[in-house]
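Working notes, structure below.
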Amino acid sequence: MDARRRPDEPERPTGQDDAANTAKQGEKVVELQRKVIQLEKAVESHATVDQAIGIVVALGKLTPDQGWTVLRETSQHTNMKLSRIADLVVAWGCAGELPENVRRALDASLARARATSECTEPTA
């Protein structure tokens with residue numbers, strides 16, 4: 001033990017330990033930056049999926065759970081990622097166009113959902 005160090009003070013690393021710690025910290029920073037990028041993408045994708053669910057809910061007079069199911073089924077029937085389907089549905093809301101295979105799968109899923117819709121018409 002170093003005579004100048006207090007008993008409650010942690011030991012100071014040597015020069016080699018400093019270099020190893022700096023390298024570990026650098027690796028940790030890179031890993032955290034990667035995670036931040038992943039989380040940012042996930043938040044953005046989640047927002048787009050939520051918007052697409054809203055479009056499907058309004059279009060089909062469905063519950064949000066049914067809207068989610070419609071998007072999921074459309075994704076499965078077109079063999080496209082759900083986030084891609086959501087992007088297309090949101091763009092469709094603005095541009096008015098959907099790829100034909102997506103449109104057919106979406107229409108079929110909407111028809112199934114409408115047949116079992118839990119929504120009721122509002123009373124005046």
Notebook entry, point to check: Rounded to the nearest 0.5 Å, how far does CD of Q33 lie from CD of Q38?
Noted result: 13.0 Å
Next item on the list: Using modelled atom types only, decide if a donor and an acceptor are shared between the side chain of E73 and the backbone of V70 within a distance under 3.5 Å.
Entry: no
Margin query: So, using side-chain contact (heavy atoms from CB on, under 4.5 Å) as the criterion, who are the partners of E31 when residues are at least two apart?
Written below: R34, K35
Checklist line | Straight-line distance of S75 OG to L88 CG, nearest 0.5 Å | finding: 10.5 Å
Notebook entry, point to check: Between T78 and T74, is there a donor-acceptor pair closer than 3.5 Å when you use the side chain of the first and the backbone of the second?
Noted result: yes
Check: Between Q66 and T116, is there a donor-acceptor pair closer than 3.5 Å when you use the side chain of the first and the backbone of the second?
Finding: yes
Check: What pair of heavy atoms forms the shortest contact from V89 to V56, and how long is it?
Finding: CG1-CG2, 4.3 Å
Notebook entry, point to check: What's the spacing between L62 CG and I53 CD1 if we round to 0.5 Å?
Noted result: 11.0 Å
Checklist line | Sub-4.5 Å side-chain heavy-atom contact between V49 and I85 | finding: no
Notebook entry, point to check: Which residues satisfy the side-chain contact (heavy atoms from CB on, under 4.5 Å) test with R72, sequence neighbours excluded?
Noted result: W68, T69, Q76, L82
Show me the side-chain donor-acceptor pairs of residues 94-103 shorter than 3.5 Å, one per line, residues at least two apart or across chains.
from	atom 1	to	atom 2	distance (Å)
R103	NE	D107	OD1	3.3
R103	NE	D107	OD2	3.3

Checklist line | Atom pair CE (M80) and CG (D87), whose distance is rounded to the nearest 0.5 Å | finding: 9.0 Å
